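One structure is given here, and the rest of the page talks about it.
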Amino acid sequence: LIEIRNTHGDRRSDFLIDPQHDYMCIRKTDWERRSDGWLKRWETTLRDLVQLPTGHWVATTMNEYRGGDPGIAKGGD
């Protein structure tokens, strides 16, 4: 899996890319910097991937998390 991070000021987005499934972004997490660390604001996860007869991969399940998580990210910027 490939992890990509984009930081812009007090916000950042983490992308998890799956090269074995058409380089699909299987998770995107948006964070906001607070005085005590990074607060998770939004996360979308694609799961249960299936391959179509054309060879393309699609997700059959999408989960979303929306803000308010008091959990602070551990780790560096």
Side-chain angles (χ1 to χ4, degrees):
L1 297 176
I2 301 168
E3 296 181 60
I4 299 172
R5 175 168 289 165
N6 179 29
T7 303
H8 184 68
D10 289 339
R11 298 191 183 274
R12 79 177 188 210
S13 296
D14 294 333
F15 302 88
L16 188 61
I17 309 297
D18 186 347
Q20 294 182 352
H21 296 99
D22 294 337
Y23 289 88
M24 182 185 302
C25 178
I26 58 172
R27 185 175 65 223
K28 178 182 183 253
T29 309
D30 292 322
W31 302 88
E32 180 179 343
R33 187 191 321 256
R34 299 289 179 95
S35 60
D36 57 348
W38 289 94
L39 176 70
K40 186 191 301 187
R41 301 302 296 168
W42 186 283
E43 183 170 81
T44 302
T45 305
L46 301 179
R47 300 183 308 119
D48 302 323
L49 305 178
V50 296
Q51 192 170 28
L52 300 176
T54 60
H56 297 94
W57 289 90
V58 295
T60 61
T61 305
M62 181 176 78
N63 294 90
E64 289 188 339
Y65 167 87
R66 296 182 187 194
D69 181 6
I72 302 299
K74 305 297 182 197
D77 288 350

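Hydrogens, waters and symmetry mates are skipped; everything else that's a heavy atom, side chains included, is used. Quick note: residue numbers are just sequence positions, from 1. None of the values given here were measured: they were computed from a predicted structure.
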Would you say that [X] contacts [Y] through its side chain, given a criterion of any heavy-atom pair below 4.5 Å between the two side chains?
| X | Y | answer |
| --- | --- | --- |
| Asp30 | Arg11 | no |
| Leu46 | Asp18 | no |
| Ile26 | His21 | no |

Legend entry - Nearest heavy-atom neighbours spanning Ile2 and Tyr23: CD1-CE2, 4.0 Å

Inset, instruction - Please answer whether the main-chain N or O of Asp48 pairs with a side-chain N or O of Thr61 as donor and acceptor at a distance below 3.5 Å. - result: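 Absent.
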
Legend entry - Side chain Asp22, main chain Trp57, donor-acceptor under 3.5 Å: yes

Legend entry - Criterion side-chain contact (heavy atoms from CB on, under 4.5 Å) on Met62 and Thr44, from CA distance to verdict: CA-CA 7 Å; Met62 181 176 78; Thr44 302; 3.8 Å; yes

Pairwise distance [atom1]([X]) to [atom2]([Y]) - rounded to 0.5 angstrom:
| X | Y | atom1 | atom2 | value |
| --- | --- | --- | --- | --- |
| Arg5 | Trp31 | CZ | CH2 | 8.5 Å |
| Arg47 | Thr60 | CZ | OG1 | 8.0 Å |
| Asn6 | Arg12 | CG | CZ | 11.0 Å |
| Glu3 | Arg27 | CD | CZ | 7.0 Å |
| Lys28 | Thr45 | NZ | OG1 | 11.5 Å |
| Ile4 | Asp14 | CD1 | CG | 10.5 Å |

Legend entry - Arg66 bridged to Glu64 by N-O distance under 4.0 Å: yes

Legend entry - Heavy-atom neighbours of Phe15 CZ exceed 12 at 6.0 Å: yes

